[in-house]
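Read through the structure below, which is laid out as structure tokens, and then see the notes.
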Amino acid sequence: AVVSTQSGHYGRVLDVRSMRGADINTTHYLVRGYVSVKFKCPEKRKKSARMPALEYLRDRTKSNEYSNKIAEKFNDCQDLHSKNRPLEEKWKELKEAICDVSFDVIGERSRKKKAEHLSKE
């Protein structure tokens with residue numbers, strides 16, 4: 001029996017047999033093959049994006065400070081946006097301004113430590 005595979009996978013075919021079927025005047029036979037399967041390693045997890053600690057915005061002083069700084073940055077961005085620039089650039093600049101203010105005022109969210117699965121006994 002002839003089995004066609006991709007050029008890089010021909011070494012993975014371990015065994016091929018043709019199986020005779022019912023006699024119905026045909027030249028087609030069932031082909032059974034054993035193939036070794038190689039799985040790829042899972043990709044390493046990418047670093048998760050930084051997240052601001054939004055729970056600090058419940059505090060009135062932090063919330064007011066955050067609002068004032070966002071308003072200042074927004075006004076600065078409005079002055080810069082009066083020029084004819086692509087919308088993508090404007091959005092990127094505004095997004096960076098909001099992220100900068102949020103990390104400056106309220107800080108970064110702390111990571112939760114995972115519980116140990118096995119005890120050290």
Side-chain angles (χ1 to χ4, degrees):
V2 177
V3 177
S4 67
T5 61
Q6 293 179 349
S7 63
H9 302 292
Y10 63 89
R12 295 183 182 172
V13 177
L14 300 176
D15 187 26
V16 177
R17 304 276 179 183
S18 61
M19 310 298 289
R20 292 188 55 107
D23 189 18
I24 54 173
N25 292 331
T26 180
T27 58
H28 297 277
Y29 295 109
L30 176 68
V31 177
R32 180 186 70 194
Y34 292 99
V35 181
S36 69
V37 179
K38 295 182 181 180
F39 295 106
K40 292 183 178 180
C41 285
E43 294 181 11
K44 291 184 180 179
R45 288 179 46 179
K46 296 179 182 177
K47 273 191 164 182
S48 58
R50 291 176 43 190
M51 294 292 293
L54 298 176
E55 58 271 4
Y56 291 125
L57 288 178
R58 292 186 183 136
D59 181 21
R60 281 278 189 211
T61 57
K62 287 281 187 185
S63 178
N64 290 337
E65 182 182 358
Y66 181 75
S67 298
N68 292 338
K69 293 240 182 185
I70 288 287
E72 289 173 16
K73 285 284 190 175
F74 186 71
N75 289 335
D76 292 344
C77 289
Q78 286 292 345
D79 296 339
L80 294 174
H81 292 320
S82 61
K83 301 173 187 173
N84 291 334
R85 292 191 330 187
L87 183 62
E88 293 296 323
E89 275 186 37
K90 293 177 184 179
W91 169 247
K92 184 178 177 183
E93 188 174 320
L94 183 63
K95 181 180 170 184
E96 287 175 2
I98 292 172
C99 288
D100 291 343
V101 167
S102 62
F103 288 119
D104 289 343
V105 175
I106 59 178
E108 189 173 351
R109 180 184 296 174
S110 60
R111 306 252 186 241
K112 294 180 181 177
K113 292 185 179 180
K114 293 183 180 178
E116 292 185 23
H117 295 289
L118 301 173
S119 62
K120 294 186 178 183
E121 292 179 354

*Counting heavy atoms not belonging to E55, are there more than 12 under 6.0 Å from its CD?*
yes

*asked:* Please identify which of these residues, K69, E96, E72, meets the side chain to side chain contact (heavy atoms under 4.5 Å, CB included) condition with V101.
replied: K69

Between [X] and [Y], is there shared hydrophobic-cluster membership here, with clusters defined by ILVMFWY side-chain heavy atoms closer than 4.5 Å?
X    : Y   : result
Y56  : L54 : yes
F103 : I98 : no
W91  : I70 : yes

*asked:* My understanding is that only residues two or more places apart in sequence, or in another chain, count here; which of them pass side chain to side chain donor-acceptor pair (under 3.5 Å) with R12?
replied: H9

Solution key, residues 57-65 side-chain donor-acceptor pairs under 3.5 Å, sequence neighbours excluded:
{"unit_1": "D59", "atom_1": "OD2", "unit_2": "T61", "atom_2": "OG1", "d": "2.9"}
{"unit_1": "K62", "atom_1": "NZ", "unit_2": "V105", "atom_2": "O", "d": "3.1"}
{"unit_1": "N64", "atom_1": "ND2", "unit_2": "R60", "atom_2": "O", "d": "3.3"}

*Considering only heavy atoms from C-beta outward, does the side chain of L94 approach that of F74 to under 4.5 Å?*
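The answer is yes; the side chains approach within 4.5 Å.
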
*asked:* Once salt bridge (charged side-chain N to carboxylate O under 4.0 Å, His left out) is applied, do any residues pair with E108, and if so which ones, sequence neighbours excluded?
replied: R50

